[in-house]
Amino acid sequence: MLNYTIRRLAMAVPTVLIISLLIFLLLDLAPGDPTAQLPLTIPPEVREDIRMALGLGDPVLIRYVKWLQLMVINEPLHALANLTGWNVAPDTQRILSWQTRSPVGDIIAQRIPQTLWVVGLGYLFGVLIALPIGIISAYKQYSWFDQIGTFISMVGFSVPVFFTGVVMILVFSVWLGWFPSMYDTTLRVTNWETFVRQVRQMVMPVAVLALFNAAQISRFMRASMLDNLNQDYVRTARAKGMKEQVVVLVHVLRNSMIPVVTVIALGIPAVFSGAIITETIFRVNGLGALLINAIYANDIPMVQTLTFIFAVLIVLFNLIADVLYGILDPRIRYD
Amino acid sequence: MTHGAEPVLDVRDLKTVFRTRGGEIHAVNSVSFQLRPGELLGVVGESGSGKSVTMMSLIGLLPSPPAERRGGTVMFGGRDLMKASDRELRRVRGREIGFIFQDPMTSLNPVFTVGFQIMEPLRKHMGMTLAQARSRAAELLDLVGIPDARRRLKDFPHQFSGGMRQRVMIAMALACDPKVLIADEPTTALDVTIQAQILELVKELRQKLGMAIVWITHDLGVIAGIADRVMVMYGGQVVEHAPVRELFANPRHPYTRALLSTVPSVRGERAPKLTVIEGQPPLLSRPPTACPFRARCRHAHGRCERENPARRPVGAAGHDVACHWDPPEAAPAEAAHG
């Protein structure tokens with residue numbers, strides 16, 4: 001298993017390199033100019049000088065290698081230095097946002113907490129709600145519980161987040177006035193009162209995301225349980241005189257979790273990419289909102305960096321899903 | 001049936017139906033039989049004749065819904081299992097009645113070790129500690145002829161071959177020293193040489209441990225080799241029941257005769273054609289009011305259409321048959337030889 005994990009990690013390196021090259025080249029092809037946001041009074045020669053100063057005169061492969069070095073060595077070291085306070089940050093240039101002229105790494109670090117709190121909690125609650133619903137729905141197939149659960153999850157799955165989000169704002173913010181419609185990022189939790197405010201502003205985006213994620217995962221869980229409930233080994237467990245709880249929650253659940261865990265693990269990178277739509281609707285300025293704004297503003301370094309981070313996360317969680325699969329299912333042995 | 005010993009299992013008039021969207025299926029219709037200590041009762045019949053369902057039903061192993069037990073008594077160890085609570089039934093299932101199923105490839109849970117699965121009933125029903133259960137599990141694997149038992153407890157089912165998995169199933173069924181072992185076509189999914197090994201193993205274990213066995217099969221050859229008594233089932237009913245020698249020497253029911261004639265002969269020249277019983281088993285959508293075999297029976301007459309024959313004793317002791325037709329005395333069995 002360890003052997004396999006190391007081999008897969010080694011394989012991930014070329015994968016990430018190829019992805020980085022693709023991201024870089026694709027975005028390089030995209031039309032856009034770093035000076036487009038600057039005042040129109042700047043003469044063309046000066047604009048050209050700015051472009052040269054940004055290194056845009058070099059051939060594309062040279063620029064790629066330079067960017068890659070910044071991306072995989074300098075920026076992670078800066079992030080480490082910020083996190084731990086160690087003096088490991090190199091004293092070289094950093095990837096700068098064309099929009100704000102500040103290092104993209106620092107901006108991203110500022111945005112991560114909002115995304116993790118709102119989108120991450122939405123995912124976590126979604127999973128926690130989905131698993132029991134999926135298990136009970138499957139065990140009591142065609143019961144009232146199952147019918148209602150299946151209906152709600154179908155609605156949650158098929159109605160887009162931008163619709164449920166707006167409906168919730170309309171009902172709970174406009175009509176009832178229970179929750180604020182906008183997320184205030186500047187709020188610092190210092191006492192009970194600010195804590196309550198923080199919770200209140202998180203309720204709606206978390207609920208919208210939890211509903212969507214729960215809908216998706218509970219369907220997987222239910223289907224997987226149903227696949228296993230009719231297996232012969234379930235009858236064997238009953239024939240041994242095991243209690244129903246043991247039969248379902250030990251024998252069946254362990255088998256049913258195998259595909260579901262994979263689905264859950266593969267969904268985690270999406271948490272970081274920040275449920276772009278939800279963040280936009282509720283004005284949560286997390287990573288998703290950052291990406292959208294960077295795209296609008298032609299901020300290519302920011303877009304490159306974010307896309308690259310998301311790609312790395314996807315590769316990483318694929319690896320984690322595969323390893324979990326091997327741990328849960330003894331029939332899968334990779335070495 | 002005057003064999004002195006008190007039966008361990010006494011089933012009378014067991015009725016089970018399945019409630020489906022298309023109506024009820026009467027799968028078990030007034031089945032009665034007794035199982036005496038230490039004997040091996042063979043249950044024969046084609047697919048859908050109600051053999052497995054009867055056995056699963058009497059111990060409450062059929063999922064309900066759709067299965068519903070409609071009556072009868074199942075006396076076991078001085079109590080009626082039909083009236084027992086779920087809790088009591090679970091205890092009987094693990095501790096006093098062991099089960100072996102048809103397909104060893106799917107009957108073991110793929111994600112738990114064999115040791116865990118054998119130890120489960122030991123810990124639950126016998127209250128053993130982990131260490132006790134482990135050494136007992138190793139003993140059991142050894143008993144069913146799995147070499148290097150202690151080490152193999154840590155293996156998963158996919159690391160065993162089909163025959164070895166069936167041995168594991170047997171070890172699991174025998175874990176708590178049951179009084180009765182119900183074997184539901186345990187050799188059907190195995191190839192012939194492994195079948196023979198499993199049969200030998202069961203014979204040997206029966207001598208060693210002395211439990212009574214119900215052996216469900218559609219293979220008459222297997223029955224001839226191991227059974228003491230045979231019960232032939234058709235359409236959810238017992239149509240003939242006799243000691244094994246008597247049944248093979250003197251079959252009375254046309255269905256039993258037909259079954260015997262379908263056994264392909266290994267000796268002699270190649271038969272031009274396999275002998276088959278024409279027609280299909282009956283659909284059991286109503287409680288039987290006529291003989292279930294009448295449509296395929298060459299001796300059927302008017303009475304078979306009007307009246308479902310009851311079991312009546314015939315010939316030698318312990319032989320009974322549910323049929324209106326009397327074969328001419330000393331008629332040779334209608335075994336087709338080519």
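Reminder, nothing fancy here: chain letters follow the sequence lines and each chain counts from 1. In this text the structure is predicted, and so the values were computed from the model without any measurement. Side chains are part of it too, since the values below use all heavy atoms of this structure and drop only hydrogens, waters and symmetry mates.
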Work out which heavy atom in [X] is nearest to a heavy atom in [Y]; give both atom names and the distance.
X: L328(A); Y: V111(B); result: O-CG1, 3.8 Å
X: H158(B); Y: P330(A); result: CE1-O, 3.3 Å
X: S107(B); Y: R235(A); result: OG-NH2, 4.4 Å
X: F112(B); Y: H251(A); result: CE1-CA, 4.0 Å
X: V250(A); Y: F116(B); result: CG1-CZ, 4.4 Å

If you tally heavy-atom pairs under 4.5 Å against chain A, which of K124(B), Q159(B), M56(B) wins?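 Looking at each option in turn, the highest pair count goes to K124(B).
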
Contact leader toward chain A among P110(B), P157(B), P178(B), A173(B), where contacts are heavy-atom pairs under 4.5 Å: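 Most heavy-atom pairs under 4.5 Å with chain A: P110(B).
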
Identify which part of V246(A) has an atom lying under 4.5 Å from any heavy atom of chain B, answering side chain, backbone, both or neither.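 For V246(A), side-chain heavy atoms alone lie under 4.5 Å from chain B.
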
Atom pair CG/CD of N109(B) and Q231(A) - distance to nearest 0.5 Å: 9.5 Å

As an exercise, state the distance from CZ of R90(B) to CZ of R238(A), rounded to the nearest 0.5 Å.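 Reported to 0.5 Å precision, the distance equals 11.0 Å.
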
With a cut-off of 6.0 Å (strictly less than), are more than 12 heavy atoms of other residues, nucleotides or ligands near [atom1] of [X]?
X: D191(B); atom1: CG; value: yes
X: R19(B); atom1: CZ; value: no
X: F163(A); atom1: CZ; value: no

Look at the side chain of K240(A) and the backbone N and O of Q117(B), then say whether any donor-acceptor pair between them is shorter than 3.5 Å.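 Confirmed, K240(A) side chain pairs with Q117(B) backbone.
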
Using non-hydrogen atoms and a 4.5 Å limit, figure out which bit of M169(B) sits close to chain A: side chain, backbone, both or neither. side chain

By a 4.5 Å heavy-atom criterion (distance strictly below it), what part of L61(B) contacts chain A: side chain, backbone, both, or neither?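 Contact with chain A is through the side chain of L61(B) alone.
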
Looking at side-chain heavy atoms only, is the closest gap between T236(A) and M172(B) below 4.5 Å?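 Heavy-atom side-chain distance check passes, below 4.5 Å.
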
